[in-house]
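First comes the structure, then the notes that go with it.
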Amino acid sequence: GIDCSGDSGMCCRKEFFIDFKEIGWEDWIIQPRGYHMNYCAGLCPLHMAGIPGLASSFHTAVLNLIKANNADAAVDSCCVPTQRRPLSLLYYDRDSNIVKTDIPDMIVDACGCT
Amino acid sequence: APKGLWCPAYGLAALAPTMQRNILIASAKQSILSKLHLPDRPNITQPTSRGALLTALRRMRMQHMDKAVSPEMPHDSSIPHLGVQEYEILSFAESGSSTSRSTRLHFHFTQELAGSTEILQATLYLFWAIPGPGTHPVTVRLLQPDPMGLNMTVASETRLEVQRAGWVTLDVGQAVRSLFGQGSQKLTVELEVVEDRGSPLLAGHSDSHWPFVAAQARARTSHRVQRR
(Lines give C-alpha, C1' and ligand atoms only; values in the text may rest on other atoms or scores of the structure.)
Protein backbone atom coordinates (compact mmCIF):
# COMPACT_ATOMS: atom_id res chain seq x y z
CA GLY A 1 0.00 0.00 0.00
CA ILE A 2 0.98 3.64 -0.47
CA ASP A 3 0.79 6.39 2.16
CA CYS A 4 -0.67 9.67 0.93
CA SER A 5 1.88 12.45 0.56
CA GLY A 6 1.53 15.76 -1.27
CA ASP A 7 -1.34 16.08 -3.67
CA SER A 8 -1.21 12.69 -5.34
CA GLY A 9 -4.77 11.94 -6.39
CA MET A 10 -4.10 8.20 -6.59
CA CYS A 11 -5.42 5.65 -4.12
CA CYS A 12 -3.39 5.87 -0.90
CA ARG A 13 -3.70 5.66 2.92
CA LYS A 14 -4.27 8.87 4.88
CA GLU A 15 -3.09 9.00 8.51
CA PHE A 16 -5.85 10.08 10.91
CA PHE A 17 -5.43 10.05 14.71
CA ILE A 18 -8.31 10.57 17.17
CA ASP A 19 -7.25 11.82 20.62
CA PHE A 20 -9.84 10.50 23.12
CA LYS A 21 -9.28 13.55 25.32
CA GLU A 22 -10.27 15.83 22.42
CA ILE A 23 -13.59 14.04 22.02
CA GLY A 24 -14.25 13.82 25.79
CA TRP A 25 -13.88 10.05 26.02
CA GLU A 26 -10.76 9.96 28.23
CA ASP A 27 -12.85 9.36 31.38
CA TRP A 28 -14.26 5.98 30.29
CA ILE A 29 -11.44 4.74 27.99
CA ILE A 30 -8.49 3.99 30.31
CA GLN A 31 -6.05 2.90 27.57
CA PRO A 32 -4.93 3.85 24.90
CA ARG A 33 -4.98 7.66 24.80
CA GLY A 34 -6.12 7.74 21.20
CA TYR A 35 -6.79 5.73 18.06
CA HIS A 36 -4.86 5.69 14.78
CA MET A 37 -7.94 5.16 12.62
CA ASN A 38 -6.45 6.12 9.16
CA TYR A 39 -8.53 5.86 5.98
CA CYS A 40 -8.25 5.36 2.22
CA ALA A 41 -8.59 8.13 -0.32
CA GLY A 42 -7.83 8.78 -4.00
CA LEU A 43 -8.89 7.51 -7.38
CA CYS A 44 -8.47 4.14 -9.03
CA PRO A 45 -8.22 4.71 -12.77
CA LEU A 46 -8.75 1.54 -14.78
CA HIS A 47 -5.09 0.80 -15.33
CA MET A 48 -4.75 0.65 -11.51
CA ALA A 49 -7.88 -1.40 -10.92
CA GLY A 50 -7.11 -4.45 -8.86
CA ILE A 51 -3.62 -3.48 -7.71
CA PRO A 52 -2.19 -3.61 -5.12
CA GLY A 53 -4.22 -5.89 -3.01
CA LEU A 54 -5.81 -8.30 -5.49
CA ALA A 55 -4.09 -11.65 -5.90
CA SER A 56 -3.69 -12.60 -9.56
CA SER A 57 -6.42 -15.03 -10.41
CA PHE A 58 -9.09 -15.91 -12.91
CA HIS A 59 -10.89 -12.79 -11.71
CA THR A 60 -7.92 -10.71 -12.81
CA ALA A 61 -7.90 -12.27 -16.26
CA VAL A 62 -11.61 -11.53 -16.72
CA LEU A 63 -11.12 -7.98 -15.50
CA ASN A 64 -8.25 -7.43 -17.94
CA LEU A 65 -10.44 -8.71 -20.80
CA ILE A 66 -13.15 -6.23 -19.84
CA LYS A 67 -10.59 -3.44 -19.72
CA ALA A 68 -9.15 -4.36 -23.11
CA ASN A 69 -12.46 -4.79 -24.93
CA ASN A 70 -14.83 -2.42 -23.34
CA ALA A 71 -13.15 0.09 -21.10
CA ASP A 72 -16.27 2.22 -20.63
CA ALA A 73 -18.40 -0.63 -19.39
CA ALA A 74 -16.00 -1.61 -16.62
CA VAL A 75 -17.43 -0.73 -13.22
CA ASP A 76 -15.82 1.69 -10.80
CA SER A 77 -12.70 0.55 -9.09
CA CYS A 78 -12.62 1.82 -5.48
CA CYS A 79 -9.83 2.73 -3.08
CA VAL A 80 -10.48 0.54 -0.02
CA PRO A 81 -8.55 -0.88 3.00
CA THR A 82 -6.56 -3.98 2.09
CA GLN A 83 -4.92 -4.50 5.49
CA ARG A 84 -6.39 -3.69 8.93
CA ARG A 85 -5.51 -4.60 12.51
CA PRO A 86 -7.37 -4.67 15.86
CA LEU A 87 -7.75 -1.79 18.32
CA SER A 88 -6.96 -2.89 21.93
CA LEU A 89 -9.12 -1.05 24.46
CA LEU A 90 -9.20 -0.99 28.29
CA TYR A 91 -12.40 0.79 29.32
CA TYR A 92 -15.10 1.21 31.99
CA ASP A 93 -18.49 -0.23 31.10
CA ARG A 94 -21.82 1.09 32.38
CA ASP A 95 -21.44 -0.70 35.72
CA SER A 96 -17.92 0.69 36.16
CA ASN A 97 -16.49 -2.76 35.50
CA ILE A 98 -13.13 -2.67 33.73
CA VAL A 99 -13.12 -4.46 30.39
CA LYS A 100 -10.21 -5.26 28.07
CA THR A 101 -10.92 -6.29 24.50
CA ASP A 102 -9.35 -6.25 21.02
CA ILE A 103 -11.82 -4.92 18.44
CA PRO A 104 -10.89 -6.50 15.08
CA ASP A 105 -10.30 -4.54 11.83
CA MET A 106 -10.31 -1.06 13.36
CA ILE A 107 -6.93 0.35 12.20
CA VAL A 108 -6.29 0.74 8.45
CA ASP A 109 -2.74 -0.30 7.61
CA ALA A 110 -2.85 -0.33 3.79
CA CYS A 111 -5.15 0.66 0.91
CA GLY A 112 -5.62 -0.68 -2.59
CA CYS A 113 -7.95 -0.64 -5.61
CA THR A 114 -10.76 -3.18 -5.95
CA ALA B 1 -21.32 8.99 -13.56
CA PRO B 2 -18.34 10.80 -12.08
CA LYS B 3 -15.36 8.56 -11.29
CA GLY B 4 -15.64 6.74 -7.99
CA LEU B 5 -19.28 7.68 -7.34
CA TRP B 6 -20.07 4.16 -6.03
CA CYS B 7 -17.02 4.05 -3.79
CA PRO B 8 -17.37 4.13 0.03
CA ALA B 9 -15.09 7.16 0.54
CA TYR B 10 -16.51 9.06 -2.45
CA GLY B 11 -16.81 12.80 -1.94
CA LEU B 12 -14.90 12.92 1.36
CA ALA B 13 -11.85 14.51 -0.26
CA ALA B 14 -14.01 17.26 -1.78
CA LEU B 15 -15.20 18.41 1.68
CA ALA B 16 -13.61 21.13 3.80
CA PRO B 17 -11.00 19.70 6.23
CA THR B 18 -13.14 20.52 9.29
CA MET B 19 -16.15 18.75 7.82
CA GLN B 20 -13.95 15.77 6.84
CA ARG B 21 -12.63 15.57 10.42
CA ASN B 22 -16.11 15.72 11.94
CA ILE B 23 -17.35 12.95 9.66
CA LEU B 24 -14.36 10.73 10.44
CA ILE B 25 -14.67 11.28 14.20
CA ALA B 26 -18.42 10.55 14.11
CA SER B 27 -17.71 7.39 12.12
CA ALA B 28 -14.99 6.28 14.59
CA LYS B 29 -17.28 6.87 17.60
CA GLN B 30 -20.13 4.94 16.03
CA SER B 31 -17.82 2.10 15.04
CA ILE B 32 -16.28 1.75 18.55
CA LEU B 33 -19.64 1.90 20.38
CA SER B 34 -21.32 -0.58 18.04
CA LYS B 35 -18.47 -3.09 18.31
CA LEU B 36 -18.55 -2.79 22.11
CA HIS B 37 -22.34 -3.31 21.98
CA LEU B 38 -22.82 -0.02 23.82
CA PRO B 39 -25.87 2.14 22.99
CA ASP B 40 -23.96 5.24 24.06
CA ARG B 41 -20.74 6.13 25.86
CA PRO B 42 -20.93 5.03 29.52
CA ASN B 43 -21.19 7.69 32.22
CA ILE B 44 -18.71 6.72 34.92
CA THR B 45 -20.10 7.44 38.38
CA GLN B 46 -17.43 5.81 40.58
CA PRO B 47 -14.16 5.00 38.78
CA THR B 48 -12.10 2.26 40.40
CA SER B 49 -9.20 3.46 42.53
CA ARG B 50 -5.79 3.07 40.95
CA GLY B 51 -4.67 0.93 43.90
CA ALA B 52 -7.50 -1.57 43.45
CA LEU B 53 -6.97 -1.71 39.67
CA LEU B 54 -3.20 -2.29 39.91
CA THR B 55 -3.62 -4.93 42.64
CA ALA B 56 -6.27 -6.75 40.60
CA LEU B 57 -4.16 -6.74 37.43
CA ARG B 58 -1.13 -7.98 39.43
CA ARG B 59 -3.16 -10.75 41.08
CA MET B 60 -4.57 -11.87 37.73
CA ARG B 61 -1.15 -11.94 36.12
CA MET B 62 0.22 -14.05 39.00
CA GLN B 63 -2.77 -16.37 38.67
CA HIS B 64 -2.12 -16.79 34.91
CA MET B 65 1.58 -17.50 35.60
CA ASP B 66 0.70 -20.13 38.23
CA LYS B 67 -1.57 -21.81 35.69
CA ALA B 68 1.03 -21.61 32.94
CA VAL B 69 3.68 -23.47 35.00
CA SER B 70 1.42 -26.14 36.48
CA PRO B 71 1.64 -29.16 34.06
CA GLU B 72 -1.68 -30.67 35.08
CA MET B 73 -3.56 -27.53 34.03
CA PRO B 74 -6.13 -28.58 31.39
CA HIS B 75 -6.06 -26.98 27.95
CA ASP B 76 -6.55 -23.28 28.59
CA SER B 77 -9.84 -22.35 26.93
CA SER B 78 -8.84 -18.73 26.97
CA ILE B 79 -6.42 -19.29 24.04
CA PRO B 80 -7.60 -16.66 21.59
CA HIS B 81 -9.86 -17.96 18.83
CA LEU B 82 -8.92 -16.34 15.53
CA GLY B 83 -11.37 -13.67 14.48
CA VAL B 84 -13.67 -13.93 17.51
CA GLN B 85 -13.61 -10.90 19.79
CA GLU B 86 -12.59 -11.78 23.38
CA TYR B 87 -13.07 -9.81 26.58
CA GLU B 88 -11.40 -9.74 30.00
CA ILE B 89 -13.72 -8.24 32.63
CA LEU B 90 -12.86 -7.00 36.14
CA SER B 91 -15.91 -6.51 38.33
CA PHE B 92 -15.25 -4.98 41.77
CA ALA B 93 -17.58 -5.80 44.66
CA GLU B 94 -20.35 -3.51 45.79
CA SER B 95 -21.06 -3.87 49.52
CA GLY B 96 -24.40 -5.44 50.37
CA SER B 97 -26.17 -6.10 53.66
CA SER B 98 -24.06 -7.42 56.55
CA THR B 99 -24.50 -8.69 60.11
CA SER B 100 -21.95 -9.52 62.82
CA ARG B 101 -21.57 -12.96 61.24
CA SER B 102 -22.17 -12.46 57.53
CA THR B 103 -21.37 -10.08 54.69
CA ARG B 104 -22.93 -9.82 51.26
CA LEU B 105 -21.10 -8.58 48.16
CA HIS B 106 -22.70 -7.79 44.77
CA PHE B 107 -21.00 -8.02 41.36
CA HIS B 108 -22.80 -6.41 38.42
CA PHE B 109 -22.33 -7.33 34.75
CA THR B 110 -23.80 -5.21 31.97
CA GLN B 111 -26.68 -6.40 29.85
CA GLU B 112 -24.65 -5.80 26.68
CA LEU B 113 -21.94 -8.22 27.78
CA ALA B 114 -24.41 -10.73 29.21
CA GLY B 115 -26.37 -10.71 25.97
CA SER B 116 -23.56 -10.86 23.43
CA THR B 117 -20.84 -13.01 25.00
CA GLU B 118 -20.30 -16.46 26.46
CA ILE B 119 -18.34 -16.72 29.72
CA LEU B 120 -15.20 -18.87 29.38
CA GLN B 121 -13.87 -18.49 32.95
CA ALA B 122 -14.76 -16.45 36.04
CA THR B 123 -12.74 -16.33 39.26
CA LEU B 124 -13.66 -14.65 42.57
CA TYR B 125 -10.69 -13.08 44.43
CA LEU B 126 -11.10 -12.56 48.20
CA PHE B 127 -8.51 -11.10 50.57
CA TRP B 128 -8.48 -12.48 54.12
CA ALA B 129 -7.25 -10.21 56.90
CA ILE B 130 -7.11 -12.52 59.95
CA PRO B 131 -8.57 -10.98 63.15
CA GLY B 132 -6.75 -13.45 65.40
CA PRO B 133 -4.74 -16.74 65.79
CA GLY B 134 -6.06 -20.17 64.80
CA THR B 135 -8.30 -21.30 62.00
CA HIS B 136 -11.36 -19.38 60.90
CA PRO B 137 -14.00 -21.45 59.06
CA VAL B 138 -15.86 -19.33 56.49
CA THR B 139 -18.82 -20.40 54.34
CA VAL B 140 -18.94 -18.78 50.88
CA ARG B 141 -22.35 -18.90 49.22
CA LEU B 142 -23.09 -17.81 45.63
CA LEU B 143 -26.66 -16.55 45.47
CA GLN B 144 -28.83 -15.82 42.48
CA PRO B 145 -32.38 -14.60 42.09
CA ASP B 146 -35.01 -17.32 41.64
CA PRO B 147 -36.73 -17.38 38.21
CA MET B 148 -39.44 -15.07 39.58
CA GLY B 149 -36.73 -12.68 40.75
CA LEU B 150 -38.35 -12.47 44.20
CA ASN B 151 -36.02 -14.48 46.45
CA MET B 152 -32.37 -15.39 46.40
CA THR B 153 -31.47 -19.06 46.00
CA VAL B 154 -28.11 -20.65 46.80
CA ALA B 155 -26.35 -21.57 43.54
CA SER B 156 -23.34 -23.07 45.34
CA GLU B 157 -21.78 -23.21 48.81
CA THR B 158 -18.10 -23.68 49.70
CA ARG B 159 -16.57 -24.06 53.17
CA LEU B 160 -13.09 -22.57 53.60
CA GLU B 161 -10.68 -22.93 56.57
CA VAL B 162 -8.88 -19.59 56.72
CA GLN B 163 -5.51 -19.89 58.51
CA ARG B 164 -3.54 -16.85 57.39
CA ALA B 165 -3.97 -13.48 55.73
CA GLY B 166 -3.79 -13.30 51.97
CA TRP B 167 -5.70 -13.76 48.72
CA VAL B 168 -7.82 -16.80 47.93
CA THR B 169 -9.62 -17.56 44.66
CA LEU B 170 -12.85 -19.38 43.92
CA ASP B 171 -14.11 -20.54 40.52
CA VAL B 172 -17.49 -18.88 39.90
CA GLY B 173 -17.66 -19.55 36.15
CA GLN B 174 -20.64 -21.90 36.32
CA ALA B 175 -22.59 -19.49 38.57
CA VAL B 176 -21.98 -16.53 36.22
CA ARG B 177 -22.91 -18.59 33.13
CA SER B 178 -26.12 -19.68 34.87
CA LEU B 179 -26.89 -16.04 35.79
CA PHE B 180 -26.44 -14.89 32.20
CA GLY B 181 -28.52 -17.84 31.06
CA GLN B 182 -31.36 -16.59 33.24
CA GLY B 183 -31.02 -13.08 31.87
CA SER B 184 -29.77 -11.76 35.22
CA GLN B 185 -26.61 -9.73 35.57
CA LYS B 186 -26.00 -9.57 39.35
CA LEU B 187 -23.91 -12.16 41.21
CA THR B 188 -24.32 -12.02 45.02
CA VAL B 189 -21.66 -13.59 47.27
CA GLU B 190 -22.45 -14.23 50.95
CA LEU B 191 -19.58 -14.82 53.42
CA GLU B 192 -20.56 -16.29 56.78
CA VAL B 193 -18.34 -16.98 59.80
CA VAL B 194 -19.46 -19.51 62.41
CA GLU B 195 -19.08 -17.31 65.44
CA ASP B 196 -18.93 -13.58 65.77
CA ARG B 197 -15.13 -13.39 66.08
CA GLY B 198 -15.22 -10.80 63.32
CA SER B 199 -15.26 -11.54 59.62
CA PRO B 200 -11.77 -12.38 58.30
CA LEU B 201 -12.67 -10.44 55.19
CA LEU B 202 -13.60 -7.00 56.28
CA ALA B 203 -11.39 -6.76 59.35
CA GLY B 204 -8.55 -5.25 57.38
CA HIS B 205 -9.91 -4.68 53.89
CA SER B 206 -8.56 -1.63 52.17
CA ASP B 207 -9.08 -0.19 48.74
CA SER B 208 -6.31 -2.24 47.17
CA HIS B 209 -7.59 -5.43 48.82
CA TRP B 210 -11.18 -5.09 47.70
CA PRO B 211 -12.81 -8.29 46.40
CA PHE B 212 -13.27 -8.65 42.64
CA VAL B 213 -14.34 -11.14 39.97
CA ALA B 214 -12.10 -11.59 36.91
CA ALA B 215 -13.94 -13.10 33.94
CA GLN B 216 -12.92 -14.06 30.42
CA ALA B 217 -15.62 -14.01 27.75
CA ARG B 218 -15.91 -14.49 24.00
CA ALA B 219 -18.33 -12.84 21.57
CA ARG B 220 -21.15 -15.19 20.66
CA THR B 221 -20.68 -16.20 17.02
CA SER B 222 -23.93 -16.02 15.05
CA HIS B 223 -24.54 -19.31 13.20
CA ARG B 224 -23.55 -18.57 9.63
CA VAL B 225 -25.56 -20.46 7.01
CA GLN B 226 -23.18 -21.78 4.33
CA ARG B 227 -25.05 -21.45 1.02
CA ARG B 228 -23.73 -23.66 -1.78
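Letters go in sequence order (proteins before strands), and every chain restarts at 1. Hydrogens, waters and symmetry mates play no part in the numbers below; they use all other heavy atoms, side chains included.
Residues meeting the side-chain hydrogen bond (donor to acceptor under 3.5 Å, both in side chains) test with A:D109, sequence neighbours left out: A:R85. Legend: residues meeting ring pair (Phe, Tyr, Trp, His ring centres under 6.0 Å) with A:F16, ordered by chain and number and at least two apart, are absent.
Proximity to chain B (any heavy atom under 4.5 Å) is shown, for A:I103, by both the backbone and the side chain. Both the backbone and the side chain of B:I25 have a heavy atom closer than 4.5 Å to some heavy atom of chain A. Proximity to chain B is limited to the side chain of A:L89, based on heavy atoms less than 4.5 angstrom apart. Residue contact with chain B, scored on non-hydrogen atoms closer than 4.5 Å, involves the backbone and the side chain of A:D27 alike. Both the backbone and the side chain of B:I32 come within contact range of chain A, judged by heavy atoms closer than 4.5 Å. For A:F17, the part sitting under 4.5 Å from any heavy atom of chain B is the backbone (N, CA, C, O) and nothing else.
Judged by distance alone, the side chain of A:R13 and the main-chain N or O of A:C40 form no donor-acceptor pair under 3.5 Å.
The aromatic ring centroids of B:W167 and B:F127 lie less than 6.0 Å from each other.
With hydrogens and angles left out, the side-chain atoms of A:D102 and A:S88 include a donor and acceptor closer than 3.5 Å.
Per-residue heavy-atom pair counts under 4.5 Å with chain A were compared for B:S91, B:A56, B:S31, and the maximum is reached by B:S91. Considering only heavy-atom pairs separated by less than 4.5 Å from chain B, the leading option among A:L90, A:I29, A:I18, A:D93 is A:D93. Among B:K35, B:R41, B:H108, the residue with the largest count of heavy-atom pairs under 4.5 Å with chain A is B:R41.
Heavy atoms only, all atoms of each residue included: B:L38 and A:W28 are closest at CD1-CZ3, 3.8 Å.
Ion pairing between B:R141 and B:E157 holds under the 4.0 Å rule for side-chain N and carboxylate O.
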